[in-house]
Amino acid sequence: MKLCFIGNSHMVAAREAASERNSSLDEHITYVFAPGFDLNALMVKDGNVVPGALRARVKFAAGVNSASVRLDDYDAFVIVGLRFYVGACTTIYRDFRLWEHAAPKSALLSDAAFRHAVAGALGDTEALTIARRIREHTHKPILIVPQPSPLETIMVRDLSTPRARRGNALWGPLFDPACAERLYSVYVSAAASACRDCDVTFLPQPAETLSGAFTKREFQRDKIDDIRHMNSAYGDHIIAQLRHAVMPDQG
């Protein structure tokens, strides 16, 4: 089976895992990678996924050593990261709350309205924008692999910098276990709904990589202050999840 991965820097963990420990699979994968806003320019023309803007063309060529990706050459498409993650939920939660989480200066929403808002935010991400463009031209499987939740170390990191304080404001609601469980459940439900609307498959972050709503610290990359990008051990879980989804007979 030939797979085409399309994504941003969050694709690195899976790529490393495939190349280091799953070489038989890696040789059947094409990787198209670039920053999200560059990939947002991708379009499908004459059966080929082609870049739009000049910068995207340069990144695209570097990623696949070709000017385009032909849809007919692949059995499935895997879209990784590209702002599709639980952050869509916590961003909305800063201004709009569920009934049981009422707070000053926050508007209240019903469960259904909150879930609908999160699904709408996820639907606007680069991930589903690209998925919709590809879906218009093929019936082959398209799978969404979300970018991982931040590392659990975010709960104890130094808040002396403005960036750290902004992150704390965004992710703070997930520090409380009960609130985290509630919001993560809403996110997973909304993500599945947004993907169904686009006729694509949502692969939630593997449960064994999570500690509450955050990613376990064992999946941290070598860069000590990077809480967003995971290592190849995390990638192993993604590869196993993909194998089960698109190649169940191969484990």
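The shortest distance between side-chain heavy atoms of Ile79 and Val145 does not fall below 4.5 Å. No side-chain heavy atom of Thr30 sits less than 4.5 Å from a side-chain heavy atom of Leu3. Side-chain contact check for Arg221 versus Glu16: some heavy-atom pair is nearer than 4.5 Å. Side-chain contact between Tyr31 and Ile6 is absent, with no heavy atoms from C-beta onward closer than 4.5 Å. Side-chain contact between Val118 and Tyr93 is absent, with no heavy atoms from C-beta onward closer than 4.5 Å.
Distance CD1/Ile142 to CD1/Ile134: 5.5 Å, rounded to 0.5 Å. With values rounded to the nearest 0.5 angstrom, Leu203 atom CG is found 10.0 Å from His244 atom NE2. Met230 CE to Gln220 CD: the interatomic distance, rounded to the nearest 0.5 Å, is 8.5 Å. To the nearest 0.5 Å, atom OG1 of residue Thr129 and atom CG of residue Leu42 are 11.0 Å apart. Note that OG of Ser189 and CZ of Phe114 are 11.5 Å apart. Values are rounded to the nearest 0.5 Å. Here the CG atom belonging to Leu183 is positioned 4.0 Å from the SG atom belonging to Cys179, to the nearest 0.5 angstrom.
Salt-bridge check for Asp111 with Arg182: passed, with a basic side-chain N closer than 4.0 Å to an acidic carboxylate O. Using a cut-off of 4.0 Å between Lys/Arg side-chain N and Asp/Glu carboxylate O, Arg15 and Glu20 are scored as not salt-bridged.
Looking at Ser149, its side chain does come within 3.5 Å of a backbone N or O of Ala213 through a donor-acceptor pair. Of the possible polar contacts, none joining the Arg83 side chain to the Thr125 backbone as a donor-acceptor pair under 3.5 Å is found. Of the possible polar contacts, one joining the Thr90 side chain to the Gly87 backbone as a donor-acceptor pair under 3.5 Å is found. Between the Arg132 side chain and the Gly123 main chain, a donor and an acceptor come within less than 3.5 Å of each other. Between the side chain of Ser110 and the backbone N or O of Ala113, at least one donor-acceptor pair lies under 3.5 Å. Proximity of a side-chain donor or acceptor of Asn8 to a complementary backbone N or O of Met11 within less than 3.5 Å is not detected. The closest donor-acceptor contact from the side chain of Lys2 to the backbone of Ala76 lies at 3.5 Å or more, if one exists at all. Proximity of a side-chain donor or acceptor of Asn48 to a complementary backbone N or O of Val50 within less than 3.5 Å is not detected.
Listed by first and then second residue, the side-chain hydrogen bond (donor to acceptor under 3.5 Å, both in side chains) pairs that reach into residues 193-209 are Arg135-Asp199, Gln205-Thr209, Gln205-Thr215, Glu208-His237, sequence neighbours excluded. Among residue pairs with one or both ends in residues 141-156, those qualifying as salt bridge (Lys or Arg N to Asp or Glu O under 4.0 Å) are Glu152-Arg217; sequence neighbours excluded.
Around atom CD of Glu181, no more than 12 heavy atoms belonging to other residues, nucleotides or ligands sit under 6.0 Å away. Taking a 6.0 Å sphere around NE2 of His137, one finds it holds more than 12 heavy atoms contributed by other residues, nucleotides or ligands.
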* To do: Evaluate the side chain to side chain contact (heavy atoms under 4.5 Å, CB included) criterion for residues Leu143 and Val200: first the C-alpha distance (whole Å), next the side-chain angles of each, then the deciding distance (0.1 Å), finally the verdict.
  => CA-CA 6 Å; Leu143 303 99; Val200 303; over 6 Å; no

* Given the rule in the side chain to side chain contact (heavy atoms under 4.5 Å, CB included) test, do Val49 and Tyr74 qualify, once you have shown the distances and angles that lead to the verdict? -> CA-CA 12 Å; Val49 178; Tyr74 299 93; over 6 Å; no

* To do: Quick one: do Asp75 and Val246 satisfy side chain to side chain contact (heavy atoms under 4.5 Å, CB included)? Show the steps, please.
  => CA-CA 9 Å; Asp75 299 296; Val246 300; over 6 Å; no

* To do: Would you sort out whether Tyr184 and Leu174 count as a side chain to side chain contact (heavy atoms under 4.5 Å, CB included), showing the intermediate values?
  => CA-CA 8 Å; Tyr184 201 83; Leu174 300 184; 5.7 Å; no

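Partners of Asp72 according to the salt bridge (charged side-chain N to carboxylate O under 4.0 Å, His left out) rule, which considers only residues two or more places apart in sequence or in another chain, are Arg70.
Ile29 and Val12 end up in different hydrophobic clusters when Ile, Leu, Val, Met, Phe, Trp and Tyr side chains are linked at under 4.5 Å.
Scanning both residues, Asp236 and Ala17, for their nearest heavy atoms gives OD1-CB, 3.3 Å. Residue Ile144 comes nearest to Ala127 through the heavy atom pair CD1-O, 4.2 Å, listed as atom of the first residue, atom of the second, then distance.
A ring-ring contact (aromatic ring centres under 6.0 Å, His included) with Tyr85 is found for exactly one of Phe214, Trp171, Phe202, namely Trp171.
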